[in-house]
Amino acid sequence: MPPIDITDKIGFALLKKGVIDYETLEKSLRVKDSEDKKNRRNLGQILVNDFGADHDAVFREVADLYAFREIYLADEVIDRTRIDFIKKFVDGLAQNVRDMVVQSRMLPLKYDEKQPDKLIIISADPTDRRIPIIAREFAAKKYEVAYCRLKDLQSLLEQVIPPENEFLKLLEDSQVGIQVKEEEDDALVDEEALEAEISKSALVNLVEGALVEAVRQGSSDIHIIAKEGNRTEFWFRNDGNLKLWHVQEKTMPEAVAAVVKDRSKNVDRFEREMSQDGFIQRLIDDHMIRFRVSIMPIVGIEFRHKYESIVIRVLDDRKVITDLNKLGLQGPAKDFFNRAIAKPQGIVILTGPTGSGKSTTLIAALHQVIDPTVNVLTVEDPVEYIIKGARQLRIGPKMNFDQAIRGILRHDPDIVLVGEMRDKSTAEIAIKLANTGHLTFSTLHTNDAPSAVSRLYKMGIEPFLIAYAINIIVAQRLVRTLCPHCKKQLAPNEIDHDVYTSFGFAEADLQNGTICEAQGCERCNSGYKGRAAIHEALFFSREIRAMIAKSGNDIDEDKIREQAMKDGMWTLRRSGIERIIAGQTTLEEIAAATTDD
């Protein structure tokens, strides 16, 4: 390493700890020296803003060097009272100062216990020059600035000052209403009139505002549904349930659909009688979000209208789980799954209905086995999330799903993800891959793990091929989890023992478990917040393989299930019961997601 005059202690400390490399340090010091002295930024700010260095790694070092203490929000009680305390300071600020609070990412947290007149202010960058200006606006006699991790502070900041949706603000300032003259007969939509009305309307702000709001609310899908009487409904799917977000009145549904199509790639705006698939990409809150757009023609009472239903899937890769430990595999399922994906060959099958999290589990599993020394290929239709380290084949007009699957065999794969075994030919190629030394991941649509064996047999796959090609079949469901802020724990005498025991609980579970019920508060409304998975993992043991291979024309699902349970498998219901005992969800949720074993 050539010598460099490191006059900045922060730079030297970060270099020594491996947070930055020598080249980045050298460039950042040059930037610092070139800046005007009056507005010069410190090295930490330059490294984070100009060179993409990890914010918390840099500013933890900055805080340590300048003797700012660190406050961990996990150790603080952040309840309604604390939020109200912070809002009391923030709500009284002028708008320009409120904007400064958001930009500088700082908040008043509490008064010091030892000095009641001293206000503790937390900041992700305690060296920000705007902090003294803002602190004066709080009218505190004394104050202390403490360092807080950006991720934790950002979450609290969004509760106190929710990010403004600029599109919806523009929408409020304008009048949306498209009055298009309609003929009494089944005349076609006047495209020129429609175009003129769309151009001068605020529908663009409505659609863009819906995209932003869906991401901020953590929604998985946006449903845009055309209704009679010139109405269009916008619904968000949160935690598995649809919730009405907005109703657009006095606007032709074709106009709303046209705006969505105009903002989507690979979609023909003037096609209203066939299904279409496209995508949208937007930078929202400094993060690139992809949206998958599905458009389907639907029938309405007013035949002069060309109604369409639009569903937009939100693909936020910040939600992608790459750590298998965070999937929530319970009991023996975790061990079975790890053993199955550790094998050099064989098929790993995820099964369950649409929206049960199968793709999430497969992507997490792939991240455990991806390595630069292996060729990982995926065939999905459509590709939802970009998987680093995998070559994801693109399905299009010149290469359909079947052609891609067959092409994989000639592409020297080690690990393959087949989005879905949709027919006999796809299943046969997956089994061929498994039997020729490849680890293969795929999905099926069945109710539970044993029925996946019957499904493959009914597709035309021979039992002995099923028996020796598959490593594991995992059935999965997503259930809503209780809101941690308002859930109520039930005392043993408050539990209806007959109902719970008939469901599969033991008396000891009811006495020693943490059985809770949903209440509902302003943070959750329904009593539930978030979702968790329950699993049924059918590991192909020697006994299971022998049973299937000898089954001939009669695949007995009950016998397979019995043997699997002897091997240690938890059924979906058993997995759900464990989540109820742990106080994570309710009997009603598990009953809705599972059947009697």
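These numbers come from the heavy atoms of this one structure, side chains and all, not from hydrogens, waters or symmetry mates. Residue numbers start at 1 and run along the sequence shown.
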Is it the case that R573 places NZ or CZ above or below the six-membered ring of F503, under 6.0 angstrom from the centre and within 45 degrees of the axis?
yes

L156 and I86: side-chain contact (heavy atoms from CB on, under 4.5 Å), yes or no, with the steps?
CA-CA 10 Å; L156 181 59; I86 299 170; 4.0 Å; yes

In short, T378 meets A390 closest at the heavy-atom pair CG2-CB, 4.2 Å

Check: T514 main-chain N/O paired with Q489 side-chain donor or acceptor under 3.5 Å:
no

Check the pair L14 / L25 against side-chain contact (heavy atoms from CB on, under 4.5 Å), numbers first and verdict last.
CA-CA 9 Å; L14 294 171; L25 174 58; over 6 Å; no

Evaluate side-chain contact (heavy atoms from CB on, under 4.5 Å) for F51 paired with I46, printing each intermediate quantity in order.
CA-CA 7 Å; F51 296 93; I46 293 169; 3.8 Å; yes

Less than 4.5 Å apart, side chain to side chain, heavy atoms only: is that true for R318 and V215?
yes

Do we see a donor-acceptor contact under 3.5 Å between the side chains of D128 and S104?
no

Please identify which of these residues, R477, R480, R579, R531, meets the salt bridge (charged side-chain N to carboxylate O under 4.0 Å, His left out) condition with E589.
R480

Could you check whether atom NZ of K151 has more than 12 heavy atoms from other residues, nucleotides or ligands sitting under 6.0 Å from it?
no

For the residue pair Q368 and L324, what are the closest heavy atoms and their distance?
NE2-N, 3.3 Å

Does anything in residues 348-361 form a salt bridge (Lys or Arg N to Asp or Glu O under 4.0 Å)? List the pairs, not counting sequence neighbours.
none

Does one side chain, of Y528 or N238, offer a donor that lies under 3.5 Å from an acceptor on the other?
no

Hits for ring-ring contact (aromatic ring centres under 6.0 Å, His included) against F336, two or more places apart or cross-chain, chain-then-number order -> F539

Applying salt bridge (charged side-chain N to carboxylate O under 4.0 Å, His left out) to E208 and R263, what does each step give before you reach the verdict?
CA-CA 9 Å; E208 291 291 345; R263 313 196 80 68; 2.4 Å; yes

Stepwise, does the salt bridge (charged side-chain N to carboxylate O under 4.0 Å, His left out) test hold for R80 with D84?
CA-CA 6 Å; R80 190 71 254 167; D84 290 341; 3.4 Å; yes

Chi angles and distances behind the salt bridge (charged side-chain N to carboxylate O under 4.0 Å, His left out) call for R41, D50:
CA-CA 11 Å; R41 296 172 294 166; D50 296 7; 2.8 Å; yes

Given the options R105, H55, Q45, D125 meets side chain to side chain donor-acceptor pair (under 3.5 Å) only with Q45

K27, NZ atom: more than 12 neighbouring heavy atoms under 6.0 Å:
no

On a heavy-atom basis, which atom in K319 and which in G218 lie closest, and how many Å separate them?
NZ-O, 3.0 Å

Whether over 12 other heavy atoms sit under 6.0 Å from E23 CD:
no

With a 4.5 Å cut-off on side-chain heavy atoms, are Q115 and K141 touching?
no

For S123, check side-chain hydrogen bond (donor to acceptor under 3.5 Å, both in side chains) against everything at least two apart and list the hits.
none

CG of L107 to CD1 of I120: how many Å apart, nearest 0.5 Å?
13.5 Å

Please tell me if the side chains of D239 and N241 come closer than 4.5 Å, counting only heavy atoms from C-beta onward.
no

Would you indicate whether the side-chain heavy atoms of H367 and I387 approach each other to under 4.5 Å?
yes

The criterion is side chain to side chain contact (heavy atoms under 4.5 Å, CB included); which residues satisfy it with S294, sequence neighbours excluded?
D277, M296

Hits for ring-ring contact (aromatic ring centres under 6.0 Å, His included) against F291, two or more places apart or cross-chain, chain-then-number order -> none

Ring centers of F138, F89 separated by less than 6.0 Å:
yes

Under a 4.5 Å cut-off applied to non-hydrogen side-chain atoms, are T594 and I534 in contact?
yes

Minimum heavy-atom separation for E517 and L482, please, with both atom names.
C-CD2, 3.9 Å

Are the side chains of L109 and L73 in contact, using a 4.5 Å heavy-atom criterion?
yes

Side-chain donor-acceptor contact under 3.5 Å, D317 with H287:
yes

Does any non-hydrogen side-chain atom of E233 lie less than 4.5 Å from one of I224?
no

Side chains of Y385 and I363: closer than 4.5 Å at any heavy-atom pair?
yes

Could you give me the CA-CA distance, side-chain angles and deciding distance for I121 and I134, then say whether side-chain contact (heavy atoms from CB on, under 4.5 Å) is met?
CA-CA 10 Å; I121 295 172; I134 300 167; over 6 Å; no

Residues that F236 engages under ring-ring contact (aromatic ring centres under 6.0 Å, His included), provided they are two or more places apart
W245

